[in-house]
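Notes follow the structure.
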Amino acid sequence: METAFLETPIGTVKITGDENGIQTISIIDEKVDELKKTPECLQDCVNQLTEYFGGKRASFNLTINPKGTAFQIKVWKSLLQIPYGKTTSYLEQSSLLGDKKAIRAVASANGKNPILIVIPCHRVLGSDGSLTGFSAGLWRKKWLLAHENPVKQESLF
């Protein structure tokens, strides 16, 4: 398993994976003093995340290899269908997965998403539109949503 780090506006992103794909993307609070050379198998991920944070990328083209239960993987795959700049609710997501009553299980699986940003669990809100749950902190979820859907200043004249 290889590891790479990327400094971003929301903290240090830690990426792990190998030639079989990206296994984790997490955000850590501490800065990494020694940024080692990025392993070749993670370079494309680092480049795409750099473009994303620079406002030059709206979708990812990466091989991902998250580890989880069959249900979690099904939930994470459904997250990949949420378009850039759009949001959904946990209720809508559980309905799309075929069981409105599975809302708590869906929310729990979202909370265990090991590949933040690329698998966009930050695009899921409460049914009332509230920011709920994000393993990296609600302020980061708010930042990511604003980054993907910036408020456009209208002309006053």
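Since the structure is predicted, the reported quantities are computational estimates derived from the model, not experimental observations. Numbering of residues begins at 1 and proceeds along the displayed sequence.
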Scan [range] for pairs that pass salt bridge (Lys or Arg N to Asp or Glu O under 4.0 Å), counting only residues two or more places apart or in two chains.
{"range": "residues 59-72", "answer": "none"}
{"range": "residues 85-108", "answer": "none"}
{"range": "residues 116-130", "answer": "Arg123-Glu148"}

Between [atom1] of [X] and [atom2] of [Y], what distance do you get to the nearest 0.5 Å?
{"X": "Ile117", "Y": "Leu144", "atom1": "CD1", "atom2": "CG", "value": "5.5 Å"}
{"X": "Ile119", "Y": "Phe60", "atom1": "CD1", "atom2": "CZ", "value": "11.0 Å"}
{"X": "Leu97", "Y": "Tyr90", "atom1": "CG", "atom2": "OH", "value": "13.5 Å"}
{"X": "Leu80", "Y": "Cys121", "atom1": "CG", "atom2": "SG", "value": "10.5 Å"}

A side-chain contact here means heavy atoms from C-beta on lying under 4.5 Å apart; do [X] and [Y] qualify?
{"X": "Thr50", "Y": "Val46", "answer": "yes"}
{"X": "Ile25", "Y": "Cys45", "answer": "yes"}
{"X": "Ile82", "Y": "Thr87", "answer": "no"}
{"X": "Val106", "Y": "Phe71", "answer": "yes"}
{"X": "Thr8", "Y": "Leu49", "answer": "no"}

**Request:** Please say which of Ser94, Ser127, Ser95 ends up in a side-chain contact (heavy atoms from CB on, under 4.5 Å) with Ser89.
**Result:** Ser127
For the student: nearest non-hydrogen atoms of [X] and [Y], plus distance:
{"X": "Gly126", "Y": "Thr132", "result": "N-OG1, 3.6 Å"}
{"X": "Leu138", "Y": "Gly133", "result": "CD2-N, 3.7 Å"}
{"X": "Pro39", "Y": "Ala4", "result": "CD-CB, 4.1 Å"}
{"X": "Gly85", "Y": "Asn149", "result": "O-ND2, 3.5 Å"}
{"X": "Leu116", "Y": "Ser26", "result": "CD1-CA, 4.2 Å"}
{"X": "Val32", "Y": "Ile28", "result": "CG2-CD1, 4.1 Å"}

**Asked** Within the side chain of Thr12, is there an N or O that forms a donor-acceptor pair under 3.5 Å with the backbone of Glu30?
**Response** yes
**Request:** Could you tell me whether the side chain of Lys141 and the main chain of Val124 form a donor-acceptor pair under 3.5 Å?
**Result:** yes
**Message:** Quick check: is Leu96 connected to Ile103 through a chain of hydrophobic side chains (ILVMFWY, heavy atoms under 4.5 Å apart)?
**Reply:**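 Different clusters.
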Contacts table for residues 14-22: side-chain donor-acceptor under 3.5 angstrom, sequence neighbours left out:
from	atom 1	to	atom 2	distance (Å)
Thr16	OG1	Thr24	N	3.4
Thr16	OG1	Thr24	OG1	2.3
Asp18	OD1	Asn20	N	2.8

**Item:** Residue list, salt bridge (charged side-chain N to carboxylate O under 4.0 Å, His left out) with Lys56, at least two apart or on another chain
**Value:**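 Per chain and number, Lys56 pairs via salt bridge (charged side-chain N to carboxylate O under 4.0 Å, His left out) with no residue.
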**Request:** Could you tell me which residues satisfy salt bridge (charged side-chain N to carboxylate O under 4.0 Å, His left out) with Asp29, sequence neighbours excluded, listed by chain and number?
**Result:**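 For Asp29 the salt bridge (charged side-chain N to carboxylate O under 4.0 Å, His left out) partners, ignoring immediate neighbours, are Arg140.
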**Request:** Enumerate the residue pairs fulfilling ring pair (Phe, Tyr, Trp, His ring centres under 6.0 Å) with a member in residues 95-147, sequence neighbours excluded, ordered by first and then second residue.
**Result:**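 Listed by first then second residue: Tyr52-His147, Phe53-Trp143, Trp143-His147.
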Please enumerate all residues that pass side chain to side chain contact (heavy atoms under 4.5 Å, CB included) together with [X], with sequence neighbours excluded.
{"X": "Gln81", "value": "none"}
{"X": "Ser108", "value": "Lys112"}
{"X": "Thr63", "value": "none"}

**Asked** Among all residues two or more places apart in sequence or in another chain, which pass the ring pair (Phe, Tyr, Trp, His ring centres under 6.0 Å) test with Trp76?
**Response**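 With sequence neighbours excluded, Trp76 shows a ring pair (Phe, Tyr, Trp, His ring centres under 6.0 Å) to no residue whatsoever.
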**Which residues share a side-chain hydrogen bond (donor to acceptor under 3.5 Å, both in side chains) with Gln48, sequence neighbours left out** = Asp44, Arg57
**Request:** Take Leu145 and Leu125 through the test side chain to side chain contact (heavy atoms under 4.5 Å, CB included) and record every step on the way to the result.
**Result:** CA-CA 10 Å; Leu145 291 171; Leu125 305 174; 3.8 Å; yes
